[in-house]
Amino acid sequence: QVQLVESGGGLVQAGGSLRLSCAASGRTFSTYNMGWFRQAPGKEREFVAAIEGNGDTYYADSVKGRFTMSKENAKNTAHLQMNSLKPEDTAVYYCAARTDPFGGLWYPSGASTYDSWGRGTQVTVSS
(Lines give C-alpha, C1' and ligand atoms only; values in the text may rest on other atoms or scores of the structure.)
Protein backbone atom coordinates (compact mmCIF):
# COMPACT_ATOMS: atom_id res chain seq x y z
CA GLN A 1 0.00 0.00 0.00
CA VAL A 2 0.95 3.63 -0.55
CA GLN A 3 -0.26 6.98 0.69
CA LEU A 4 -2.41 8.98 -1.70
CA VAL A 5 -3.29 12.66 -1.31
CA GLU A 6 -5.87 14.32 -3.56
CA SER A 7 -6.01 18.01 -4.36
CA GLY A 8 -7.68 20.39 -6.78
CA GLY A 9 -11.30 20.08 -5.77
CA GLY A 10 -13.55 23.09 -5.33
CA LEU A 11 -16.65 24.94 -6.45
CA VAL A 12 -17.18 25.62 -10.14
CA GLN A 13 -20.09 26.67 -12.33
CA ALA A 14 -21.64 24.28 -14.80
CA GLY A 15 -19.60 24.18 -17.99
CA GLY A 16 -16.40 24.95 -16.14
CA SER A 17 -13.27 22.90 -15.58
CA LEU A 18 -11.23 21.53 -12.71
CA ARG A 19 -8.04 19.52 -12.55
CA LEU A 20 -7.68 17.01 -9.76
CA SER A 21 -4.29 15.69 -8.72
CA CYS A 22 -3.31 12.64 -6.72
CA ALA A 23 0.17 12.54 -5.20
CA ALA A 24 1.43 9.07 -4.33
CA SER A 25 4.22 7.78 -2.14
CA GLY A 26 6.35 4.84 -3.21
CA ARG A 27 9.26 4.32 -5.54
CA THR A 28 7.59 2.37 -8.34
CA PHE A 29 4.77 4.76 -9.25
CA SER A 30 5.22 4.13 -12.97
CA THR A 31 4.01 0.57 -12.46
CA TYR A 32 0.89 1.49 -10.49
CA ASN A 33 -2.57 1.28 -11.99
CA MET A 34 -4.44 4.37 -10.83
CA GLY A 35 -8.11 5.15 -10.63
CA TRP A 36 -10.61 7.84 -9.73
CA PHE A 37 -13.93 7.10 -8.10
CA ARG A 38 -16.61 9.44 -6.80
CA GLN A 39 -19.43 9.33 -4.30
CA ALA A 40 -22.35 11.75 -4.22
CA PRO A 41 -24.52 12.20 -1.12
CA GLY A 42 -26.90 9.29 -0.73
CA LYS A 43 -25.35 7.37 -3.58
CA GLU A 44 -22.89 4.54 -3.90
CA ARG A 45 -19.31 5.08 -4.90
CA GLU A 46 -18.89 4.88 -8.66
CA PHE A 47 -16.03 4.48 -11.07
CA VAL A 48 -14.90 7.54 -12.99
CA ALA A 49 -11.61 6.82 -14.75
CA ALA A 50 -8.49 4.67 -14.57
CA ILE A 51 -5.06 4.48 -16.13
CA GLU A 52 -2.76 1.49 -16.32
CA GLY A 53 0.96 1.58 -15.81
CA ASN A 54 1.37 1.31 -19.59
CA GLY A 55 -0.81 4.38 -20.12
CA ASP A 56 -4.04 2.75 -21.28
CA THR A 57 -7.06 4.67 -20.01
CA TYR A 58 -10.63 3.73 -19.15
CA TYR A 59 -13.64 5.96 -18.51
CA ALA A 60 -17.17 5.69 -17.25
CA ASP A 61 -19.70 6.41 -19.98
CA SER A 62 -20.97 9.40 -18.03
CA VAL A 63 -17.62 11.21 -18.27
CA LYS A 64 -16.25 9.94 -21.58
CA GLY A 65 -15.27 12.85 -23.81
CA ARG A 66 -15.27 15.31 -20.90
CA PHE A 67 -12.70 13.90 -18.47
CA THR A 68 -9.09 12.93 -19.17
CA MET A 69 -6.85 10.97 -16.85
CA SER A 70 -3.07 11.11 -17.02
CA LYS A 71 0.04 10.24 -15.03
CA GLU A 72 3.23 12.17 -14.39
CA ASN A 73 5.61 9.39 -13.37
CA ALA A 74 8.49 11.78 -12.65
CA LYS A 75 6.30 13.51 -10.05
CA ASN A 76 4.49 10.44 -8.70
CA THR A 77 1.23 12.17 -9.57
CA ALA A 78 -1.95 11.25 -11.40
CA HIS A 79 -4.35 13.85 -12.75
CA LEU A 80 -7.98 14.03 -13.72
CA GLN A 81 -8.79 16.90 -16.05
CA MET A 82 -12.52 17.57 -15.88
CA ASN A 83 -14.12 19.76 -18.55
CA SER A 84 -17.72 20.67 -19.33
CA LEU A 85 -18.67 19.95 -15.74
CA LYS A 86 -22.30 19.30 -14.88
CA PRO A 87 -24.17 19.57 -11.57
CA GLU A 88 -24.43 15.78 -11.55
CA ASP A 89 -20.63 15.60 -11.34
CA THR A 90 -20.88 16.95 -7.80
CA ALA A 91 -19.32 14.41 -5.44
CA VAL A 92 -16.33 13.56 -3.30
CA TYR A 93 -13.64 12.29 -5.66
CA TYR A 94 -11.30 9.57 -4.43
CA CYS A 95 -7.98 8.52 -5.86
CA ALA A 96 -7.08 4.84 -5.77
CA ALA A 97 -4.01 2.81 -6.64
CA ARG A 98 -3.26 -0.78 -7.41
CA THR A 99 0.34 -1.24 -6.42
CA ASP A 100 0.68 -4.99 -6.02
CA PRO A 101 1.26 -6.63 -9.41
CA PHE A 102 0.68 -10.05 -7.83
CA GLY A 103 -2.57 -9.21 -6.09
CA GLY A 104 -4.82 -10.99 -8.56
CA LEU A 105 -6.84 -9.59 -11.43
CA TRP A 106 -7.29 -5.84 -11.61
CA TYR A 107 -10.42 -4.32 -13.06
CA PRO A 108 -10.37 -0.59 -13.80
CA SER A 109 -13.88 -0.14 -12.41
CA GLY A 110 -13.52 -2.67 -9.60
CA ALA A 111 -13.01 -0.72 -6.38
CA SER A 112 -12.11 -3.88 -4.48
CA THR A 113 -9.17 -4.53 -6.81
CA TYR A 114 -7.34 -1.40 -5.63
CA ASP A 115 -5.15 -1.59 -2.51
CA SER A 116 -4.67 2.07 -1.62
CA TRP A 117 -7.11 4.96 -1.28
CA GLY A 118 -6.93 8.67 -0.64
CA ARG A 119 -9.24 10.61 1.67
CA GLY A 120 -11.04 12.39 -1.14
CA THR A 121 -11.56 15.90 -2.42
CA GLN A 122 -14.91 17.66 -2.80
CA VAL A 123 -16.07 18.80 -6.23
CA THR A 124 -19.19 20.94 -6.35
CA VAL A 125 -20.71 22.07 -9.65
CA SER A 126 -23.35 24.78 -9.42
CA SER A 127 -26.09 25.20 -12.01
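Everything numeric here is computed off the predicted structure, so don't read it as measured data. Sequence positions, counted from 1, serve as the residue numbers for this chain.
At least one donor-acceptor pair closer than 3.5 Å links the side chain of T121 to the backbone N or O of G9. In this structure a side-chain-to-backbone donor-acceptor pair under 3.5 Å is present from Q39 to K43. Of the possible polar contacts, one joining the N76 side chain to the G26 backbone as a donor-acceptor pair under 3.5 Å is found. Remark: the backbone N or O of M69 is paired with a side-chain donor or acceptor of Y59 at under 3.5 angstrom. Between the side chain of T31 and the backbone N or O of G53, no donor-acceptor pair lies under 3.5 Å. Judged by distance alone, with hydrogens and angles left aside, the side-chain atoms of R98 form a donor-acceptor pair with the main-chain N or O of D100 at under 3.5 Å. For E6 (side chain) and G120 (main-chain N/O), a donor-acceptor pair under 3.5 Å exists by modelled atom type. S112 places no side-chain N or O within 3.5 Å of a backbone atom of G110 that could act as its donor or acceptor partner.
Annotation: E88, atom CD; neighbour count of heavy atoms from other residues, nucleotides and ligands within 6.0 Å is above 12. More than 12 heavy atoms of other shown residues, nucleotides or ligands fall within 6.0 angstrom of atom OH in Y58.
When all heavy atoms are compared, the tightest approach of S25 to V2 is OG-CB, 3.4 Å. Closest approach of L85 and L18 over heavy atoms only: CD1-N, 3.8 Å. The two residues S127 and P87 have their closest heavy-atom pair at CB-CG, 3.8 Å. Nearest heavy atoms, K86 versus V125: O-CB, 3.2 Å. The nearest pair of heavy atoms linking S17 to N83 is OG-OD1, 2.9 Å.
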What do the steps show when you test T99 against Q1 for side-chain contact (heavy atoms from CB on, under 4.5 Å), and what is the final call?
-> CA-CA 7 Å; T99 66; Q1 293 187 351; 5.6 Å; no
For side-chain contact (heavy atoms from CB on, under 4.5 Å), just list the numbers for Q81 and S70, CA-CA rounded to whole Å, side-chain angles, deciding distance to a tenth of an Å, and then say yes or no.
-> CA-CA 8 Å; Q81 178 66 42; S70 61; over 6 Å; no
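Between H79 and S21, the side chains place a donor N or O and an acceptor N or O closer than 3.5 Å (distance only, hydrogens not considered).
By the 4.5 Å heavy-atom criterion applied to side chains, L80 and F67 are counted as neighbours. At least one side-chain heavy atom of V63 sits under 4.5 Å from a side-chain heavy atom of R38. Counting heavy atoms from C-beta outward, V12 and T124 have side chains that stay 4.5 Å or more apart.
Interatomic distance, OG of S109 versus CD of E46, reported as 11.5 Å (0.5 Å rounding). A distance of 9.0 Å separates NZ in K71 from CG in N54, rounded to the nearest 0.5 Å. Summarising the geometry, atom CE belonging to M82 is positioned 11.0 Å from atom OG1 belonging to T68; distances are rounded to the nearest 0.5 Å.
The ring-ring contact (aromatic ring centres under 6.0 Å, His included) contacts involving residues 18-44 comprise F29-Y32, F37-F47, F37-Y114, F37-W117, where partners must be two or more places apart or lie in separate chains.
M34 and Y94 are not part of a single hydrophobic cluster, where members link through side-chain heavy atoms under 4.5 Å apart. Two different hydrophobic clusters hold W106 and L4 under the rule that ILVMFWY side chains link at heavy-atom gaps under 4.5 Å.
By the side chain to side chain contact (heavy atoms under 4.5 Å, CB included) test, S84 is found to be paired with R66, residues two or more places apart in sequence or in another chain being considered.
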